[in-house]
Amino acid sequence: MTDTPLLHVDMDAFYASVALRERPDLVDQPVVVGGSGRGVVLAANYVARRYGIRSALPMTRARRLCPHVVVLAPDYSTFTSVSASVMETFRDVTPVVEAMSLDEAFLDVRGATRRLGTPGEIAERLRATIHDEQGITCSVGVAASVSVAKVASRRAKPDGVVVVPPSEVTSFLHPLDVGELYGVGEKTQVLLHRFGLLTVGDVAHTPLQTLQRALGDHLGRHLHHLAWGTDRRDLSPTAGPHEPERSMGADETFARDTDDRDVIVRELLRLSARVTGRMRAAGVAGRTLTLKVRFADFTTITRSRTMPEATDVTVEVHRAVTHLYDALGLQRARVRLVGVRVEGLVPRATVHRQLVLGEPTHGWAEADRAVDRATRRFGAAAVRPASLV
């Protein structure tokens, strides 16, 4: 019963699926979530994927592939909230959850089989619960190792379950292209094809020493284990639903490269508000503030500042990243993208702010929370800084 204790659960087109919950009229239309203009596609629904649209594709390219595609703006606070609920559902099944991102995680369910049934039955239970509670679907791979579970969940998409018992690992893996292996990117796939290793079976039946001579000791051994499904079988549990993420951030690509400080500072305010809003929703604050700037030639730099105290206050984060931007001393350099990130997050309840002599008892922190209450009730555009109107 427990020879396939690892589950890889992956939400189907997560960002698009969450966005479409509020727009059921668009379910049968090609829809992407992402920034407008020169932004990139964050996610595409399965209808849009038929046109060749994929995540990370430039939005201009997506529009060329499908001129009638519907673009929805991302709502990060909702994505974070849904993800937290999904992860809590996972932890109702097992405490051994290794979250890989907002929309996917590995679960070790060997301690839950007596209570909930076989790993395959647990997978079906999770799919039904997530669909009923969140209104989105997921796909689940069930296997004895991390990589096989990951490949199985891909083969289960959309909205399915694939179980790969140990006795069927080779018949499942070996006919696949080497690019299907977990962690094998495009460059490694091209390299393996160049050596005539087209399928997983080709890699599996190449002597380990030959792989290591051609690819290096570490990569050769790693691919050997992947091809036989004998890779990692133990998970590293990540933070639970009440523990903070290590960092939160957001970035934005301008519609046109700009050297206008007012435009850049205004965008930094928008990003600061987005990030701190997510932080307050998660109940965390952070001390290290990072600015990211990408120039017209795609050169990217980051600058960081550590604050005396952890903060979740929009004005404080914006002031700090603006100072970091001004300190760059840019002379008409044209900027393509800016980003804001807050790192070293801790539970907000553990932060005790020291009032400065003469500082009012109620200030920007209370104003932020009043804005949060208004936006939860009336929507994200209900209250915002005047400079962003």
Side-chain angles (χ1 to χ4, degrees), residues 8 10-16 30 32-35 38-46 48-66 69 98 100-106 139 141 143 145-158 162 164 169 172-206 208 210-232 251 253 292 294 297-300 336-337 339:
H8 180 256
D10 194 3
M11 302 301 111
D12 297 324
F14 175 67
Y15 298 101
V32 299
V33 175
R38 294 193 310 174
V40 298
V41 174
L42 183 62
N45 70 349
Y46 286 95
R49 293 183 189 189
R50 295 173 196 158
Y51 293 86
I53 299 175
R54 297 289 185 271
S55 59
L57 192 72
M59 195 63 72
T60 52
R61 173 68 176 156
R63 289 188 183 279
R64 284 198 295 271
L65 290 171
C66 181
V69 70
E98 184 176 329
M100 306 304 291
S101 63
L102 285 180
D103 61 340
E104 65 171 314
F106 290 100
S139 299
S145 74
V146 163
S147 72
V148 179
K150 172 73 173 183
V151 175
S153 71
R154 287 188 196 142
R155 308 298 286 188
K157 285 189 171 294
V162 169
V164 185
V169 166
F172 173 72
L173 286 180
H174 287 189
L176 302 178
D177 186 282
V178 290
E180 294 276 344
L181 288 174
Y182 180 34
V184 172
E186 185 177 346
K187 290 184 178 179
T188 303
Q189 180 187 26
V190 170
L191 178 62
L192 291 170
H193 283 185
R194 191 181 304 149
F195 286 123
L197 304 177
L198 305 182
T199 68
V200 176
D202 292 337
V203 174
H205 292 100
T206 299
L208 175 59
T210 303
L211 286 175
Q212 290 177 312
R213 279 198 302 271
L215 305 168
D217 287 349
H218 176 73
L219 181 57
R221 183 176 298 277
H222 180 58
L223 287 171
H224 174 79
H225 284 297
L226 290 180
W228 288 103
T230 55
D231 59 292
R232 182 163 70 98
D251 52 46
T253 302
K292 178 166 73 172
R294 179 169 297 153
D297 64 356
F298 286 87
T299 300
T300 303
R336 177 183 177 87
L337 170 149

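Of all heavy-atom pairs between Ala43 and Ala16, the closest is CB-N, 3.8 Å. Closest heavy-atom contact between Ala152 and Gly141: CB-CA, 3.6 Å. Listed here is the closest heavy atom pair of Gly220 and Leu208: O-CD1, 3.9 Å. Of all non-hydrogen atoms in Gly229 and Leu173, the two that sit nearest each other are N-CD1, 4.0 Å. Scanning all heavy atoms of the two residues, the minimum distance from Leu226 to Tyr182 falls at CD1-O, 3.5 Å. The minimum heavy-atom distance linking Ala156 with Ser139 is given by the pair O-OG, 3.7 Å.
Taking CG from Leu65 and CZ from Arg50, the interatomic distance works out to 15.0 Å, rounded to the nearest 0.5 Å. Atom NE2 of His205 is separated from atom OG1 of Thr210 by 13.5 Å, given to the nearest 0.5 angstrom. Between atom CZ of residue Arg232 and atom CD of residue Glu98 there is a gap of 4.5 Å, rounded to the nearest 0.5 Å.
Inter-residue side-chain proximity for Phe106 and Val146 is flagged as met; some heavy-atom pair is nearer than 4.5 Å. For the pair Phe195 and Thr206, the minimum side-chain heavy-atom distance is 4.5 Å or more. In this structure, Met59 and Val41 have side chains that are in contact, with non-hydrogen atoms separated by less than 4.5 Å. A heavy-atom distance below 4.5 Å is not found between the side chains of Ile53 and Pro30. Side-chain contact between Leu181 and Thr188 is absent, with no heavy atoms from C-beta onward closer than 4.5 Å.
Across Leu191, Leu192, Leu197, a single residue satisfies side-chain contact (heavy atoms from CB on, under 4.5 Å) together with Arg194, and that is Leu191.
With sequence neighbours left out, Asp231 forms a side chain to side chain donor-acceptor pair (under 3.5 Å) with Ser145, Ser147. Remark: Asp103 engages Asp10, Met11, Phe14, Ser101 in a side chain to side chain contact (heavy atoms under 4.5 Å, CB included) (not counting sequence neighbours). Checked against salt bridge (Lys or Arg N to Asp or Glu O under 4.0 Å), Arg64 has no partners two or more places apart in sequence or in another chain. Judged as a side chain to side chain contact (heavy atoms under 4.5 Å, CB included), and not counting sequence neighbours, the contacts of Asp251 are Lys292, Leu337.
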Derivation of the side chain to side chain contact (heavy atoms under 4.5 Å, CB included) call for Thr299 and Arg294: CA-CA 6 Å; Thr299 300; Arg294 179 169 297 153; over 6 Å; no
Candidate pair Val40 and Thr253, rule side chain to side chain contact (heavy atoms under 4.5 Å, CB included), full reasoning: CA-CA 8 Å; Val40 298; Thr253 302; 5.9 Å; no
Steps toward side chain to side chain contact (heavy atoms under 4.5 Å, CB included) verdict (Val32, Leu57): CA-CA 10 Å; Val32 299; Leu57 192 72; over 6 Å; no
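Of the possible polar contacts, none joining the His174 side chain to the Trp228 backbone as a donor-acceptor pair under 3.5 Å is found.
For residues 214-227, every residue pair satisfying the side chain to side chain donor-acceptor pair (under 3.5 Å) rule, not counting sequence neighbours, is listed here: His225-Thr230. Evaluation of the salt bridge (charged side-chain N to carboxylate O under 4.0 Å, His left out) test over residues 172-182, restricted to residues two or more places apart or in two chains, returns Arg155-Glu180.
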